[in-house]
Amino acid sequence: MAAERKGWFNKLKTGLRKTGTGIQAVFVNAQIDDALYEELESALLMADTGVKATEFLLDDLRGRVKRQMATDAAQVKRLLADAITDLLKPLEKPLMIGQFTPTVIMVAGVNGAGKTTSIGKLTKHLANEGASVLLAAADTFRAAAREQLLVWADRNTVEIVSQEGGDPSAVSFDAVTAGKARGKDVVLVDTAGRLPTQLHLMDELKKIKRVVTKADATAPHEVLLVIDGNTGQNALAQVRAFDETLGLTGLVVTKLDGTAKGGVLCAIARERPIPVYFIGVGEKLEDLETFNAREFAQALLG
Ligand SMILES: Nc1nc2c(ncn2[C@@H]2O[C@H](COP(=O)(O)OP(=O)(O)O)[C@@H](O)[C@H]2O)c(=O)[nH]1
Ligand SMILES: [Mg+2]
């Protein structure tokens with residue numbers, strides 16, 4: 001493992017401690033018996049893994065234990081890490097840029113999920129890979145939201161399209177047009193998570209998407225949903241709702257630092273397997289990384 005990724009792994013491991021300890025505790029001084037599976041079931045449910053994924057993991061684990069003829073609990077814990085890795089593997093997918101110039105990425109999610117922060121971190125990640133980024137402040141409903149994105153633009157020294165009190169779709173249209181004219185590699189569109197008006201959020205987001213397509217017939221190329229890792233099972237409901245309205249291409253799961261509900265990724269993998277492009281473990285620029293199933297399972301189980 002590269003040194004940088006090792007640092008990230010340690011951060012992830014610390015972040016997932018609250019989710020992981022309950023699960024890890026099951027294996028301490030344990031025998032392989034029904035009680036172990038029952039305790040594991042409770043621990044997985046407590047970690048917000050959800051009923052379906054928990055059932056799936058337990059069945060899968062029993063099979064592995066049998067085939068491997070495991071004799072001690074530590075071995076079972078390693079087999080659980082394998083089972084979780086295989087379950088999460090389909091969520092592993094890199095965000096591809098370069099096929100379109102610009103690659104237009106629309107970012108949606110409920111209020112406070114971490115959209116704007118993740119866009120800031122993602123900008124840094126993309127810049128590190130040599131991509132030029134343009135930000136679109138399409139959360140025009142709150143002045144604070146616009147200013148927050150401006151701060152991230154400054155930190156990353158990237159350009160931003162912003163309009164005081166403007167219409168979110170108009171800002172998005174301008175940004176995509178500007179992105180094309182200026183030859184940017186990526187346009188990141190930040191959106192609102194809650195509207196102060198009677199307007200329906202989903203309608204507003206659909207409108208942004210439509211208008212972006214008017215500026216560039218192939219766009220948006222990605223529609224990302226940002227979810228707060230602390231949300232637990234409700235995150236799954238959000239994934240379903242936004243996917244049905246917008247057709248999601250990927251997820252960003254934030255706030256995995258300090259959550260006790262990190263099992264929700266397993267629930268997503270089982271019930272709505274949309275790729276997790278990135279996960280976030282903090283508020284700093286470098287606290288966002290690509291999702292890796294094996295790494296996640298290892299960080300979770302120690
Ligand atoms: N601990 C932690 N806090 C985060 C993370 N991502 C975002 N936040 C915080 O969550 C709050 C809401 O984030 P924001 O980006 O404004 O959410 P938005 O409403 O979806 O745009 C802010 O205080 C962020 O600093 C994360 O990965 N870890
Ligand atoms: Mg925001």
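Keep in mind the model is a prediction, meaning the values are calculated, not measured. Computation of the quantities below employed the complete heavy-atom set of this structure, encompassing side-chain atoms and omitting hydrogens, waters and symmetry-equivalent molecules.
- Contact between Ala81 and Ala297 at its shortest, heavy atoms only, is O-CB, 3.5 Å.
- At a threshold of 4.5 Å between non-hydrogen side-chain atoms, the residues Leu88 and Phe296 count as touching.
- Hydrophobic clustering (ILVMFWY, side-chain heavy atoms < 4.5 Å, transitive): Val281 and Ile268 are in one cluster.
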Residue pair Phe9, Gln298: steps toward the side-chain contact (heavy atoms from CB on, under 4.5 Å) verdict: CA-CA 9 Å; Phe9 177 76; Gln298 272 173 353; 4.0 Å; yes
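- In this structure, Ala108 and Leu246 approach most closely via the heavy-atom pair CB-CD1, 4.0 Å.
- Using a 30° and 60° split on the angle between ring planes, Phe278 and His125 fall in the perpendicular class, above 60°.
- Applying the side chain to side chain donor-acceptor pair (under 3.5 Å) test between Arg64 and each of Asp82, Asp59, Asp86 identifies Asp86 as the sole match.
- The distance from the CG atom of Asn230 to the OG1 atom of Thr259 is 4.0 Å, given to the nearest 0.5 Å.
- With respect to the salt-bridge test (charged N to carboxylate O, under 4.0 angstrom), the residues Lys121 and Glu283 do not qualify.
- Thr140 has its side chain out of reach of Asp167: every pair of non-hydrogen atoms, C-beta onward, lies at least 4.5 Å apart.
- When the side chains of ILVMFWY residues are joined at heavy-atom separations under 4.5 Å, either directly or via intervening members, Leu57 and Phe27 end up in a single hydrophobic cluster.
- You'll find the ring centres of Phe291 and Tyr277 outside the 6.0 Å limit.
- Around CE of Met202, the count of heavy atoms belonging to other residues, nucleotides or ligands within 6.0 Å exceeds 12.
- Val158 and Val161 are not part of a single hydrophobic cluster, where members link through side-chain heavy atoms under 4.5 Å apart.
- For the residue pair Thr101 and Lys180, the shortest heavy atom distance occurs at O-CG, 4.5 Å.
- With 3.5 Å as the limit, one finds no donor-acceptor pair spanning the side chains of Asp228 and Thr254.
- By the 4.5 Å heavy-atom criterion applied to side chains, Asp257 and Arg17 are not counted as neighbours.
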Intermediate values then yes/no, side-chain contact (heavy atoms from CB on, under 4.5 Å), Val65 and Tyr37: CA-CA 11 Å; Val65 168; Tyr37 288 105; 3.5 Å; yes
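- Within the 4.5 Å cutoff, no side-chain heavy atoms of Leu224 are placed close to those of Met106.
- Side chain to side chain, Asp139 and Thr191 fail the donor-acceptor criterion of an N or O pair below 3.5 Å.
- Salt-bridge check for Glu159 with Arg182: passed, with a basic side-chain N closer than 4.0 Å to an acidic carboxylate O.
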Chi angles and distances behind the salt bridge (Lys or Arg N to Asp or Glu O under 4.0 Å) call for Lys209, Glu204: CA-CA 9 Å; Lys209 194 181 172 193; Glu204 185 64 49; over 6 Å; no
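- Using a 4.5 Å cut-off on side-chain heavy atoms (C-beta onward), Leu40 and Leu58 make contact.
- Counting only distance, with no hydrogens or angles, the side chain of Ser42 and the backbone of Glu38 share a donor-acceptor pair below 3.5 Å.
- Taking both residues in full, the closest heavy atoms of Ala235 and Val264 are given as CB-CG2, 4.0 Å, listed atom of the first, atom of the second, then distance.
- Side-chain contact, Ser172 with Arg210: no donor N or O sits under 3.5 Å from an acceptor N or O.
- The closest donor-acceptor contact from the side chain of Thr231 to the backbone of Ile227 lies at 3.5 Å or more, if one exists at all.
- Considering only heavy atoms from C-beta on, Thr49 stays 4.5 Å or farther from Leu265 through its side chain.
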Derivation and outcome, salt bridge (Lys or Arg N to Asp or Glu O under 4.0 Å), residues Glu92 and Arg294: CA-CA 10 Å; Glu92 219 181 87; Arg294 164 60 69 186; over 6 Å; no
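- A 6.0 Å sphere centred on CZ of Arg194 holds no more than 12 heavy atoms belonging to other residues, nucleotides or ligands.
- When side chains are defined from C-beta on, Val133 does not count as touching Asp185, because their heavy atoms never get closer than 4.5 Å.
- Salt-bridge annotation for Lys11 and Glu289: absent, with no side-chain N of the basic residue lying under 4.0 Å from a carboxylate O of the acidic one.
- Here the CG atom belonging to Leu149 is positioned 5.0 Å from the CG atom belonging to Leu135, to the nearest 0.5 angstrom.
- Counting all heavy atoms, side chain and backbone alike, Pro102 lies closest to Gly179 at CG-C, 4.0 Å.
- With Asp243 contributing its side chain and Val239 its backbone, the two residues share no donor-acceptor pair below 3.5 Å.
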side-chain contact (heavy atoms from CB on, under 4.5 Å) assessment of His221 paired with Asp216: CA-CA 10 Å; His221 308 99; Asp216 176 346; 3.9 Å; yes
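- If you check the side chains of Thr54 and Glu41, you find no donor sitting under 3.5 Å from an acceptor.
- Looking only at distances, no side-chain donor or acceptor of Asp174 sits under 3.5 Å from a matching main-chain atom of Val171.
- In summary, Asp72 and Lys77 do not engage in a salt bridge, as defined by a charged side-chain N under 4.0 Å from a carboxylate O.
- More than 12 heavy atoms of other residues, nucleotides or ligands lie within 6.0 Å of CD in Glu244, so this atom counts as buried by the packing criterion.
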Full working for salt bridge (Lys or Arg N to Asp or Glu O under 4.0 Å) between Glu55 and Lys52: CA-CA 5 Å; Glu55 222 167 82; Lys52 283 185 189 156; over 6 Å; no
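- Taking 4.5 Å as the limit, some side-chain heavy atom of Ile105 sits within range of a side-chain heavy atom of Val186.
- Residues Phe173 and Leu205 do not share a hydrophobic cluster, clusters being chains of Ile/Leu/Val/Met/Phe/Trp/Tyr side chains in contact below 4.5 Å.
- Ser162 places no side-chain N or O within 3.5 Å of a backbone atom of Ala137 that could act as its donor or acceptor partner.
- Here His200 contributes atom NE2 and Leu195 contributes atom CG; the two are 9.0 Å apart, rounded to the nearest 0.5 Å.
- Atoms CG and CD1, on Leu256 and Ile279 in that order, are 5.5 Å from each other to the nearest 0.5 Å.
- Using a 4.0 Å cut-off between charged nitrogen and carboxylate oxygen, Glu295 and Arg5 count as a salt-bridge pair.
- The structure places CG of Asp60 at 9.5 Å from CG of Leu79, a figure rounded to the nearest 0.5 Å.
- The side chain to side chain contact (heavy atoms under 4.5 Å, CB included) test with Gln148 singles out one residue from Ile119, Asp190, Thr117, and that residue is Thr117.
- Side chain of Thr19 to main chain of Gly262: a donor-acceptor pair is present (N/O by atom type, distance under 3.5 Å, no hydrogens or angles).
- Leu122 and Ile97 end up in the same hydrophobic cluster when Ile, Leu, Val, Met, Phe, Trp and Tyr side chains are linked at under 4.5 Å.
- In this structure, Lys13 NZ and Trp8 CH2 are separated by 15.0 Å, a value rounded to the nearest 0.5 Å.
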Worked verdict on Ser118 versus Val107 for side-chain contact (heavy atoms from CB on, under 4.5 Å): CA-CA 9 Å; Ser118 297; Val107 181; 6.0 Å; no
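- In this structure, Ala269 and Pro273 approach most closely via the heavy-atom pair O-CB, 3.5 Å.
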